[in-house]
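Quick note on labels: first sequence line is chain A, next is B, and so on, each numbered from 1. Not measured: the values here are computed from a predicted model.
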Amino acid sequence: MAMEKTFDPQFAEPRLYQAWEQAGAFRAGANRSRDETFTIMIPPPNVTGALHVGHAFNNTLQDILIRWHRMRGFDTLWQPGQDHAGIATQLQVEKMLAAQGAPGRRELGREKFLEKVWEWKGKYGDTIIDQLKRLGASCDWSRNAFTMAGAPGDPRTGHENSPNFHDAVIRVFVNMYEKGLITRGKRLVNWDPHFETAISDLEVENREVDGHMWHFKYPLADGETYEYVERDEDGNVTLRETRDYISIATTRPETMLGDGAVAVHPDDARYAPIVGKLCEIPVGPKEFRRLIPIITDPYPDPDFGSGAVKITGAHDFNDYQVARRGHIPMYRLMDTSAHMRSDGAPYAEAAARAQEIANGADFTEAEVDTLNLVPDDLRGLDRYEARERVVRQITEEGLAVMTTDADGNAVPLVENKPIMQPFGDRSGVVIEPMLTDQWFVDTAQIVGPALEAVRSGRVKIMPESGEKVFYHWLENIEPWCISRQLWWGHQIPVWYDAEGNEYCAASEEAAREKAGGKPLTRDPDVLDTWFSSGLWPFGTLGWPQDTPEMRRYFPTDVLITGQDILFFWVARMMMMSQAVLGEDPFHTVYLHQLVRDEKGQKMSKTKGNVIDPLEIVDEFGADALRFTMAQMAAIGGVLKLSTDRIKGYRNFGTKLWNAARFAEMNGALGSDGTLPAATAPANKWIIGEVARLRESVDEALTALRFNDAANALYAFTWGKLCDWYLEFSKPLLASDDKAAETRATMAWAIDQTLTMLHPIMPFITEEIWGLAGARGNMLIHQDWPEYTTDQLLDAEADREMNWVISLIEAIRSARAQMHVPAGLKIPVILQELDEAGHSALAENEALIRRLARIESITEQAELPKGCITVAVPGGSFALPLAEIIDVDAEKARLSKALDKLAKEIRGLAGRVNNPKFVASAPAEVVAETRANLALREEEEARLREALARLEALD
RNA sequence: GGGUGAUUAGCUCAGUGGUAGAGCGCUUCGUUCACAUCGAAGAUGUCGGGAGUUCGAAUCUCUCAUCACCCA
């Protein structure tokens with residue numbers, strides 16, 4: 001049956017994928033023929049996720065490595081699964097409920113809401129898995145895992161691989177708690193007012209926005225004054241005035257209400273006279289104005305603003321540090337939705353107590369947290385509205401620093417300046433630093449082994465620059481806030497009694513036992529999603545149970561993931577694996593960049609430059625997309641995806657398809673796998689080229705240089721197999737004595753090409769493989785070749801065929817430049833030729849005549865008038881084209897060739913004649929340079945002769 | 001401000017000390033029995049600037065410029 005003219009991926013890909021799945025081709029250990037294992041853990045996509053180009057890239061690379069190892073006979077496992085993605089999923093379900101007009105989260109209550117989430121997960125949670133299948137991902141889906149599997153409320157039983165994932169999470173928490181690695185405390189955290197939860201540093205996106213800097217006067221207590229002096233760099237006085245205030249610049253006036261002090265740099269001479277005195281916060285009811293101390297701290301930058309900084313420990317990270325150093329009270333001003341607090345005692349009462357503290361009274365953190373210092377008229381307001389009111393009140397009172405505008409009017413000094421503002425990466429709202437009780441992992445205690453793993457080389461990060469980034473972050477690691485005020489997640493296994501004592505245990509019963517039977521309430525918070533993702537490499541293998549999979553496949557081998565989650569995930573997996581198991585989770589980390597559009601811009605919905613990988617698969621097929629991904633994957637490279645490129649690789653697939661079609665027409669598709677006994681130089685040559693390809697593909701994939709592997713395959717398939725070998729084969733297939741061996745060689749070469757292309761282009765290669773008739777196995781389980789060039793490369797055939805190619809190219813080039821009609825067969829005169837050339841010509845005359853479109857080759861030393869000269873290594877040929885030759889064009893052609901040669905000869909001769917080069921360069925480089933020079937000089941001599949002959953014509 | 005990287009053909013990018021490369025695009029020619037999703041031939045480079053190390057530098061070092069990303 002004749003093959004179709006082109007491969008139809010839309011039709012064939014789903015059929016082929018189904019065939020693989022039905023055959024169990026992806027199962028862990030499938031096609032295993034040796035003892036070594038090879039394991040990759042998929043970076044679990046969010047259960048809410050839809051496949052984007054980043055996933056497509058990331059998973060293509062993983063699939064290439066997996067398929068390659070599986071074919072090589074490793075016991076291979078590609079562990080798939082999904083992440084429960086706390087915030088994203090909770091948000092998604094809330095949105096759905098709202099859209100349905102159903103009762104919301106709070107109305108439902110925790111338990112009912114979680115039921116809805118599980119329901120949602122059951123319905124929509126597999127979207128991304130189906131999308132990964134369209135890419136050709138050969139994960140062992142029978143082992144699909146989930147980071148919330150086995151949590152209370154999980155309606156599924158038995159059909160998921162990791163029913164114990166929840167147990168693993170709880171076990172690790174309890175273990176780390178008992179070791180003192182997890183503690184609870186009041187800390188300043190990034191608070192997301194939309195989701196009303198704490199989030200980690202990594203979930204905060206700092207963006208530059210237009211902001212304002214206000215300047216206000218904090219009057220000194222009791223009307224005190226001081227001499228304020230400013231000097232220039234040389235110490236000359238530029239300003240001297242008597243002041244009864246200290247000037248403060250702030251971008252967040254609403255937080256003034258919670259100020260605990262004003263700080264200046266200890267070396268700042270301007271404020272030295274007033275350090276230790278009190279000043280007044282210029283806002284709030286006049287009769288209850290609070291006085292706060294002026295302190296010194298190294299944090300304020302004397303050159304920035306006025307050099308004096310207000311300290312609001314509960315709402316700014318820098319201030320928090322200053323307040324802790326100086327034992328300054330931290331007054332929380334906002335509630336969980338970032339509205340000004342409206343709880344607690346009236347302002348007058350709170351302010352009076354705060355004043356006692358400022359005057360030196362003892363206080364506790366807990367007491368301070370109960371004090372609501374928001375004036376009664378501002379309570380309950382949104383933080384931005386409160387800001388406006390505060391600014392207005394201060395300005396009306398005349399306590400804003402004034403300046404003059406363009407018209408000479410006095411106006412408040414407000415600088416417009418870009419400021420960096422923190423946003424929640426999920427909610428997009430401005431993050432509020434908030435002083436709250438949270439759970440923390442004391443990462444400083446567990447970071448050591450992870451750092452050591454990379455420093456010692458046990459774990460290799462690629463590209464190497466990733467290691468520096470890794471060190472930098474881990475060496476300066478901050479405590480990791482792991483509690484989230486959400487419902488969807490692993491609830492923290494800690495219970496409290498009425499006195500607030502903590503009981504951490506794997507179950508409520510165990511906790512109650514510890515508490516001696518006292519009534520307990522459970523901490524409502526859940527764990528950061530990344531806490532459970534950190535256990536991915538072993539939680540998916542059945543840990544904490546002692547499973548065969550855990551023993552066999554852990555530690556895993558290569559982790560392929562985006563650079564952006566090096567800290568989120570990679571570093572934490574390394575820390576947690578070491579903390580829990582005392583082992584590294586993998587030995588190699590391959591980091592890649594974000595996939596961008598063809599101009600290098602981030603893809604974003606607002607820019608409208610998003611490329612949907614599934615649309616690409618629809619239009620060009622998964623193989624074309626995969627090949628493009630592999631081809632882009634230079635280590636550390638920027639990833640720019642353009643549809644033109646994808647189209648090019650779709651064309652590559654068609655080229656391969658047509659080569660197979662040609663083979664099939666000639667009865668040369670599908671070999672029995674035995675190495676053909678070739679006698680024709682062309683056949684010997686292609687066998688050697690296949691061996692070269694095998695070596696370069698393996699070398700490239702071993703080094704994770706996917707682009708090198710893809711390019712080697714492309715260059716071989718198109719540039720060697722199709723451009724030359726199939727053309728060489730045509731006269732051979734028509735011959736009596738070489739036809740059989742050529743069919744065998746072609747079948748073998750194409751099978752080898754399909755095999756080696758399969759990890760990158762699994763669909764089209766499997767399809768062609770299957771078209772060749774009865775095979776013992778599918779290509780996905782074909783054994784990967786191991787032959788070497790030492791075994792298969794015939795050096796003589798290699799030299800010979802390269803000479804043949806260069807002769808054909810030289811003749812074609814001369815013909816084209818002389819505008820010889822492409823269809824015209826011309827005679828060729830052999831002018832002179834060395835022995836090797838004679839032999840190559842004799843063996844391959846049929847190929848040369850066909851490909852260079854030559855009518856006859858005759859040998860004669862004396863040339864007729866009007867010849868074009870073609871020089872090749874070892875000799876020269878002439879094309880007698882007196883009737884169509886353009887002498888000037890030929891002269892120009894020769895001159896140009898001579899110029900180029902002359903330049904090369906100059907360079908080579910310069911080196912050879914330099915005694916220092918001969919003395920210092922390696923012998924083989926010197927020899928090579930000499931040989932090269934000799935060749936060039938020989939060619940130059942021939943061309944000069946030819947040019948002289950032409951000039952004699954005139 | 002700190003860190004990391006980039007700068008090579010018109011475009012997108014490979015290239016870790018030994019004759020500057022690929023794909024796309026461009027020009028000319030071509031319906032040769034696998035392929036027009038194709039074939040043949042061709043043009044295009046002070047390898048960002050400057051300095052240094054070296055027999056030899058796109059590659060190593062320093063410096064300047066521009067850009068990108070990450071963290072403040």
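Judged by closest nucleotide on RNA chain B, R936(A) is the one of R936(A) and L726(A) placed further toward the 5' end.
The nearest whole Å value for the distance from the NZ atom in K825(A) to the C1' atom in U32(B) is 9 Å. Rounded to an integer number of Å, the gap from CE of M818(A) to P of C29(B) is 16 Å. What separates CZ of F568(A) from C1' of C70(B) is a distance of 12 Å, to the nearest Å. Going from atom CG of N190(A) over to atom C1' of C71(B) covers 14 Å, rounded to whole Å. Nucleotide G23(B) holds its P atom 18 Å from the CD1 atom of I646(A), rounded to whole Å. Put simply, CZ on R853(A) is 14 Å from C1' on C29(B), counting in whole angstrom units. Rounded to a whole Å, the CG atom of D316(A) is 12 Å from the C1' atom of A72(B). Rounded to a whole Å, the OH atom of Y649(A) is 8 Å from the P atom of C24(B).
Shown here for R743(A) and N666(A), the closest heavy-atom pair between the two residues is CD-O, 2.9 Å. The minimum heavy-atom distance linking C481(A) with V189(A) is given by the pair SG-CG1, 4.1 Å. Considering every non-hydrogen atom in both T312(A) and D319(A), the closest pair reads N-OD2, 2.9 Å.
R705(A) comes within 4.0 angstrom of the backbone, heavy atoms only, and of no base. Across all strands shown, N932(A) has heavy atoms under 4.0 Å from base atoms, whether or not it also approaches the sugar-phosphate. Across all strands shown, R815(A) has no heavy atoms under 4.0 Å from either base or sugar-phosphate atoms.
Look at the P atom in both G39(B) and A34(B): the space between them is 14 Å, to the nearest Å. Atom C1' of A22(B) sits at a distance of 12 Å from the matching atom of U8(B), rounded to the whole Å. Between C38(B) and C24(B), the distance separating the two P atoms is 8 Å to the nearest Å. Taking atom P in both A51(B) and G18(B), the straight-line distance is 23 Å, to the nearest Å. Separating the C1' atom of A68(B) from that of A41(B) is a span of 40 Å, rounded to the nearest Å. Spacing of C1' atoms, C67(B) relative to G48(B), comes out at 11 Å, to the nearest Å. For the P atom pair drawn from G56(B) and U19(B), the interatomic distance equals 15 Å after rounding to whole Å. A distance of about 41 Å separates the P atoms of U27(B) and A65(B), rounded to the whole Å.
With Y714(A) as the aromatic partner, K655(A) does not meet the cation-pi criteria of under 6.0 angstrom to the ring centre and within 45 degrees of the ring axis. Relative to the six-membered ring of F716(A), R692(A) misses at least one condition, a distance below 6.0 Å or an angle of at most 45° to the axis.
Pairing of C55(B), defined by two Watson-Crick or G-U wobble distances under 3.5 Å, is identified with G18(B). Pair assignment for U37(B): none, as no Watson-Crick or G-U wobble contacts are both less than 3.5 Å. As the counterpart of G25(B), no nucleotide is assigned, since no Watson-Crick or G-U wobble pattern has both distances under 3.5 Å. Nucleotide C62(B) forms a Watson-Crick or G-U wobble pair with G50(B), both donor-acceptor distances falling under 3.5 Å. C67(B) is paired with G5(B) under the Watson-Crick or G-U wobble criterion, all donor-acceptor distances under 3.5 Å. A 3.5 Å limit on both hydrogen-bonding distances identifies no Watson-Crick or G-U partner for A43(B). In this structure, U32(B) forms no base pair with any nucleotide, since neither Watson-Crick nor G-U wobble geometry is met with both distances under 3.5 Å.
E467(A) places a side-chain N or O within 3.5 Å of a backbone atom of I461(A) that can act as its donor or acceptor partner.
Screening T745(A), L732(A), L733(A) against K738(A) for a side-chain contact (heavy atoms from CB on, under 4.5 Å) leaves a single residue, L732(A).
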Worked check of side-chain contact (heavy atoms from CB on, under 4.5 Å) between M801(A) and W724(A): CA-CA 10 Å; M801(A) 294 317 293; W724(A) 294 107; over 6 Å; no
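Around CD of E4(A), the count of heavy atoms belonging to other residues, nucleotides or ligands within 6.0 Å does not exceed 12.
Inspection of the R911(A) and N914(A) side chains reveals no N or O donor paired with an N or O acceptor under 3.5 Å.
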Going 5' to 3' through nucleotides 35-41 of chain B, assign each nucleotide B (protein heavy atom under 4.0 Å from a base atom), S (under 4.0 Å only from sugar-phosphate atoms) or - (no protein heavy atom that close). BSBSSSS
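Side-chain rings of Y649(A) and F620(A) stay apart, their centers remaining 6.0 Å or farther from each other.
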When you compare the protein's N or O atoms with those of nucleotides 54-57 of chain B, which come within less than 3.5 Å of each other, and at what distance?
unit_1, atom_1, unit_2, atom_2, d
C55(B), O2', N914(A), ND2, 2.9

